[in-house]
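Structure first, then comments.
What you see is a predicted model, and the numbers here were worked out from it, not measured in a lab. Order of the sequence lines sets the chain letters (A, B, ...), proteins ahead of strands, with each chain counted from 1.
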Amino acid sequence: MSILAWTYIMVILSFGLYIFIAWRSRVQETKGFYVAGSSVPPLANGMATAADWMSAASFISMAGLVSFMGYAGTVYLMGWTGGYVLLALLLAPYLRKFGKFTVPDFVGDRYYSSTARIVALICAIFISLTYVAGQMRGAGIVFSRFLEVEVSTGVVIGMAVVFFYAALGGMKGITWTQVAQYCVLIVAFILAAAAISFKLTGMPIPQIGFGSSLIEGERAGQYVLQAIDGIHEDLGLHRYTEAFHPGGMGMLSVVSITLALMVGTAGLPHVIIRFFTVPSVKAARISAFWALLFIALLYTTAPTVAGFARYNMIDTINDTPYTEAPSWFKNWEQTGLVAWVDKAGDGIIRFRDGDPFVGSPNLTGERGEYGERLVSNELTDNDNELYIDRDIIVLASPEMGNLPAWMVGLVAAGGLAAALSTASGLLIVIASSISHDLYYRILNPQATERQRMAVGRIMIAIAVLIAGYFGINPPGFVAEVVAFAFGLAASSFFPIIILGIFTTWVNREGAIAGMIAGISFTMMYIIQTKFMGMDPWFFGIVPEGIGTVGMLINAAVTLTVSSFTKSPPAHIRELVQNVRTPRGSGEASGH
Amino acid sequence: MSKRFDEYWKKNLTLIGVLLAIWAFVSYGLGIFLVQPLNNFWIAGFPLGFWFAQQGSIYVFVILILVYCVLMNKLDREYDVDEQ
């Protein structure tokens, strides 16, 4: 059977599974809708959190980024896992004890203020919208690459599926679908990596194979990383494992981006609310462990895929005549994700540093002397002749590992699972921010259970439509998800939640001033450096890492303002004392 | 009750402090600040600093959370504040 046929089978089967699960877990009441009735077992919550967390970017793009960044790729690997330690130790147990539905709920109650609640809900909505548009786009791209449909058709299919299970089952439907989605995506990712590892080193566990010796080729007997470093040196490039080399990321950038991503992770509302869905404080703690364990399975595999691909790329393509290039190269050339320009005019592919031409390939539709697809882009003056889209590292991994056609289909289904599971988790945050925090807690506290459910479902529909619209017509800010979503989460929620738990005296005035100062600084810096062409003026910190500074500003302002203003009322001090011990954690409640 | 509670909270804070110190040392210390000198040592097929940055730190993160869960559950029982 062809790759396309297998892909259709895998995608349709997995979608059928999600819809079946959603139908089985449909809900009628707000507690089920917002926090899955606080009845999700820790192991399942761990899987759901992992799927919720690992987005299209983690699954499709990250290994490719690491492959091109070498050591510096570590900012994503550590940044997107280390935050779970902060979550587990500093947030999850206390927020579960607090026992409400949303992050703005905590901010609004702890800081006894509707203003604080509104600032928090605006942040939650902006962060989640930025993030979800990227997921819809990711789903559309997977559809268009594997199933040969338009990106916008793919986005619409993705919207329909997510809407179905989110509106029907709310958090409960989403949680159980995410458990299934985690299984699909992790099996796809690890099988492909294991096959490549086995082919190169004879060791099927990629984390061990990455440290083993090559079994074939010119450099057989050398360690994989030794071989990759050696190849780089032969080409006159910096070594793959080398840190802070000239032209790469400096130490300050690596530290600030890693910290911003870690802290941002711990402040992302769609991650935090997952801990409201478990039955107890004890369960919240252990489900953070399960979540990171399941995430670590992918995150320790991704750098091995990156390294193996780096070796494969250079070994099988560099200095090879185009006519002898491997078949996956020619397959993906059709999609415009790889392209070759014969700068030297000798029919041999040269793979060096830098971009071969300006921008992404504009295929002219014609073929060159050797059968390669010609592009009309302006050439750069370096020696590199090869354009490789970062996403190819994962998308083409089954073919590089000589895996059967059904594996390619499974990787496509895995990419869609990653995109849709994250999208659904974000949609529930957007819907609950408006229907619970705004409508029920501020506008209409007398609303009945039925009204609240109806508003919740309508909000999901509206959020899906907005996300889909942004997915089809991505505005500029969507491309800067890493800077915006993580920067804002780090500079808004993280400090005031921590201070709200670990001090009793931080007050309303402090929290509101702190959040506004943190967000304004971070937003302004990102807009200046990303969209207005200004240089990173704050000690040269790149916009992706500025959330670290925003967080410190938020904390400093919160503490200073709190120490000059009236301390919180007695019942707030009691509330803080109460969340610090597990006993008496009931089910989450909406008021 | 209040004194017992303060003691419980202090122990909790100490545990968090120790675990976060390890967290910072492994990720920022070994994986970033000391990566260059550590890369001179190869353990099996890995330069040590690179291994901590792309593999080892993540394993340590997972273990830290597990240790926290086990010790906190014990502490909860000891101070009789666990969920029944």
Nearest 0.5 angstrom please: [X] [atom1] to [Y] [atom2], how far?
X         : Y         : atom1 : atom2 : value
Gln207(A) : Tyr59(B)  : CD    : OH    : 4.5 Å
Ser27(B)  : Leu77(A)  : OG    : CG    : 12.5 Å
Leu292(A) : Ile65(B)  : CG    : CD1   : 4.5 Å
Met72(B)  : Ile286(A) : CE    : CD1   : 13.0 Å
Leu75(B)  : Thr581(A) : CG    : OG1   : 11.5 Å

Do any N or O atoms from the side chain of Thr81(A) and from the backbone of Ile58(B) form a donor-acceptor pair under 3.5 angstrom?
-> no
Which pair of heavy atoms, one from [X] and one from [Y], lies closest together, and at what distance?
X         : Y         : value
Ala243(A) : Gln36(B)  : O-NE2, 3.3 Å
Ala296(A) : Val62(B)  : CB-CG2, 3.8 Å
Tyr8(B)   : Pro582(A) : OH-CD, 3.5 Å

Taking the side chain as every heavy atom from C-beta outward, state whether [X] and [Y] have any pair of such atoms under 4.5 Å apart.
X         : Y         : value
Val85(A)  : Tyr68(B)  : no
Leu225(A) : Pro47(B)  : yes
Tyr71(A)  : Asn39(B)  : no
Asn73(B)  : Lys282(A) : yes
Phe52(B)  : Thr74(A)  : no

From the list Val75(A), Val254(A), Val281(A), the residue making the most non-hydrogen contacts under 4.5 Å with chain B is Val281(A)
Between Arg285(A) and Asp76(B), does a salt bridge (Lys or Arg N to Asp or Glu O under 4.0 Å) hold up when you go through it step by step?
-> CA-CA 13 Å; Arg285(A) 288 182 192 139; Asp76(B) 288 348; 2.9 Å; yes
Taking side chain as everything from C-beta outward and backbone as N, CA, C, O, which of these in [X] sits under 4.5 Å from a heavy atom of chain A? Side chain, backbone, both or neither.
X        : value
Asn12(B) : side chain
Ile63(B) : neither
Ser57(B) : side chain
Gln54(B) : both

ring-ring contact (aromatic ring centres under 6.0 Å, His included) partners for Trp42(B), two or more places apart = none
Quick one: which of Ile16(B), Val70(B), Leu19(B) has the most heavy-atom pairs under 4.5 Å with chain A, could you say?
-> Ile16(B)
Between Gly31(B), Ala44(B), Gly45(B), which has the largest tally of heavy atom pairs under 4.5 Å with chain A?
-> Gly45(B)
Begin from the C-alpha positions of Phe33(B) and Val255(A) and carry the test side-chain contact (heavy atoms from CB on, under 4.5 Å) through to its verdict.
-> CA-CA 9 Å; Phe33(B) 296 123; Val255(A) 170; 3.9 Å; yes
Determine, stepwise, if the pair Tyr84(A) / Trp23(B) fulfils ring-ring contact (aromatic ring centres under 6.0 Å, His included).
-> CA-CA 11 Å; Tyr84(A) 277 84; Trp23(B) 168 83; over 10 Å; no
Quick one: do Leu20(B) and Leu90(A) satisfy side-chain contact (heavy atoms from CB on, under 4.5 Å)? Show the steps, please.
-> CA-CA 10 Å; Leu20(B) 285 185; Leu90(A) 302 175; 4.2 Å; yes
When you look at Tyr28(B) and Met78(A), which way does the side-chain contact (heavy atoms from CB on, under 4.5 Å) test go after all the steps?
-> CA-CA 9 Å; Tyr28(B) 294 94; Met78(A) 290 206 297; 5.9 Å; no
Aromatic centroids of Phe46(B) and Phe210(A) separated by under 6.0 Å = yes
Please look at Gln577(A) and chain B and tell me whether the side chain, the backbone, both or neither of the residue comes under 4.5 angstrom of a heavy atom of that chain.
-> both
In terms of heavy-atom proximity below 4.5 Å to chain B, should Val66(A) be classed as side chain, backbone, both, or neither?
-> side chain
Apply side-chain contact (heavy atoms from CB on, under 4.5 Å) to the pair Phe289(A) and Leu64(B), showing each step before the final yes or no.
-> CA-CA 9 Å; Phe289(A) 162 74; Leu64(B) 286 175; over 6 Å; no
Does Arg583(A) come within less than 4.0 Å of Asp82(B), counting only side-chain N to carboxylate O?
-> yes
Is the number of heavy atoms from other residues, nucleotides or ligands under 6.0 Å of Phe244(A) CZ greater than 12?
-> yes
Residues two or more places apart in sequence or in another chain: which of them pass side chain to side chain donor-acceptor pair (under 3.5 Å) with Ser58(A)?
-> Tyr299(A)
Going by distance alone, is a donor N or O of one side chain under 3.5 Å from an acceptor N or O of the other, for Thr300(A) and Gln55(B)?
-> no
